[in-house]
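Scroll down for the structure; my scribbles are underneath it.
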Amino acid sequence: VDIEDLIPEEESVYTLTSKGYLKRMPADTYRSQRRGGRGVMGMTRREDDYAETMFIASSHDYIMFYTTRGRAYRLKGYEIPEGSKTSKGTNIVNILPLENGEKVSAMIQVPKEDEGMYLCMVTRKGLIKRSSLDIFRNTRRNGIIAVTLREDDELAWVKLTMGDDDLLVATRDGYSIRFNENDCRPIGRTARGV
């Protein structure tokens with residue numbers, strides 16, 4: 001008997017804040033409210049913290065984490081500590097072996113049917129990289145290199161794409177570019193990007 005067979009499969013809400021607090025809650029914690037409802041408090045947070053990523057996934061789905069230093073980590077949903085509506089969550093450094101100054105820049109749900117899907121990564125200095133999701137299947141507990149970065153660069157965001165999506169990348173100065181993801185050919189896991 002595998003230990004995973006003893007863990008019940010349930011839909012959960014996963015939340016990651018900008019300060020690195022992570023938690024999992026059962027999806028039935030949130031319910032539809034009638035007319036005049038005031039909403040439900042989803043979490044307690046620090047004054048300058050906010051929810052950065054939030055999605056619903058099964059407790060048996062894989063959740064991938066990408067850090068600013070270009071490393072990738074993969075956990076099962078049930079490995080993320082469960083929290084209540086009022087809890088802040090657990091600091092990500094207590095779950096993943098992050099280095100000093102390293103932060104999680106993206107948290108992605110990996111669907112069960114991931115054939116033909118890609119990860120598009122963009123760095124702060126404007127490098128973009130597209131890799132097949134298949135090459136991240138065998139992720140070790142202490143993480144693997146997802147992208148090789150220059151000394152003064154960091155991974156800004158990672159998005160899951162279907163293989164024929166249009167991407168829109170914008171700068172803080174208001175410039176943007178839109179292109180089909182096929183214009184950026186898929187490259188290996190440790191490559192730098194274009």
Side-chain angles (χ1 to χ4, degrees), residues 1-17 20-32 42-43 51-68 70-85 89-90 92 94-98 103-122 128-147 155-168 180-182 184-191 193:
V1 175
D2 191 9
I3 193 83
E4 188 172 310
D5 297 334
L6 303 174
I7 298 170
E9 187 168 350
E10 64 178 357
E11 291 292 305
S12 300
V13 177
Y14 297 88
T15 308
L16 177 68
T17 69
Y21 287 93
L22 176 68
K23 75 173 177 176
R24 169 178 60 98
M25 291 188 310
D28 58 11
T29 303
Y30 299 98
R31 60 179 170 72
S32 176
M43 68 187 307
E52 198 167 71
T53 307
M54 191 176 209
F55 55 78
I56 296 176
S58 168
S59 58
H60 286 250
D61 285 351
Y62 280 108
I63 312 293
M64 295 209 63
F65 300 89
Y66 293 86
T67 68
T68 52
R71 295 190 63 76
Y73 298 91
R74 187 171 83 158
L75 296 175
K76 281 285 199 172
Y78 59 79
E79 294 180 284
I80 297 170
E82 190 170 335
S84 66
K85 284 194 300 187
T90 306
I92 197 80
N94 296 327
I95 301 169
L96 300 176
L98 301 180
K103 291 176 48 176
V104 172
S105 58
M107 177 175 78
I108 295 175
Q109 171 202 4
V110 179
K112 286 183 174 61
E113 304 296 323
D114 61 354
E115 198 65 37
M117 298 186 91
Y118 294 90
L119 288 166
C120 289
M121 307 172 209
V122 175
I128 187 165
K129 176 184 169 181
R130 180 173 167 238
S131 295
S132 174
L133 185 58
D134 296 340
I135 62 177
F136 292 98
R137 279 210 176 114
N138 298 326
T139 305
R140 295 184 300 274
R141 185 74 183 162
N142 60 348
I144 59 172
I145 296 171
V147 60
L155 187 60
W157 61 259
V158 181
K159 296 293 178 196
L160 195 62
T161 61
M162 303 302 290
D164 199 28
D165 293 347
D166 279 349
L167 300 177
L168 180 70
N180 189 282
E181 71 174 280
N182 289 314
C184 180
R185 68 178 175 85
I187 53 181
R189 187 172 55 80
T190 58

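A donor-acceptor pair under 3.5 Å is formed between the side chain of S59 and the backbone N or O of E10. Between the side chain of K23 and the backbone N or O of L16, no donor-acceptor pair lies under 3.5 Å. Side chain of K129 to backbone of C184: no donor-acceptor contact under 3.5 angstrom is found. No donor-acceptor distance shorter than 3.5 angstrom exists from the side chain of T190 to the backbone of I145, with no hydrogens or angles considered.
Shown here are the salt bridge (charged side-chain N to carboxylate O under 4.0 Å, His left out) partners of D166, two or more places apart in sequence or in another chain: R178. Remark: T68 pairs with E102, K103, S105, E154 by the side chain to side chain contact (heavy atoms under 4.5 Å, CB included) rule, at least two apart or across chains. By the side chain to side chain contact (heavy atoms under 4.5 Å, CB included) test, A191 pairs with I187, sequence neighbours left out. Contacts of I144 classified as side chain to side chain contact (heavy atoms under 4.5 Å, CB included), with partners at least two apart in sequence or in another chain: A72, F136, T139, R140, R189. The side chain to side chain contact (heavy atoms under 4.5 Å, CB included) search around N138 returns none, not counting sequence neighbours.
I63 approaches A57 most closely through the heavy-atom pair CD1-CB, 4.3 Å. For the residue pair E181 and G163, the shortest heavy atom distance occurs at OE2-N, 3.2 Å.
The shortest side-chain heavy-atom distance between Y73 and T67 falls under the 4.5 Å cut-off.
Note on E9 versus K112: salt bridge recorded, some NZ/NE/NH1/NH2 to OD/OE distance being below 4.0 Å.
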Identify all side-chain donor-acceptor contacts of residues 74-82 below 3.5 Å with residues at least two apart in sequence or on another chain.
from : atom 1 : to   : atom 2 : distance (Å)
R74  : NH1    : R137 : O      : 3.0
R74  : NH2    : R137 : O      : 2.6
K76  : NZ     : E4   : OE2    : 3.4
K76  : NZ     : H60  : O      : 2.8
Y78  : OH     : E4   : OE1    : 3.1
E79  : OE1    : K76  : N      : 2.7
E79  : OE2    : R141 : NH1    : 3.2

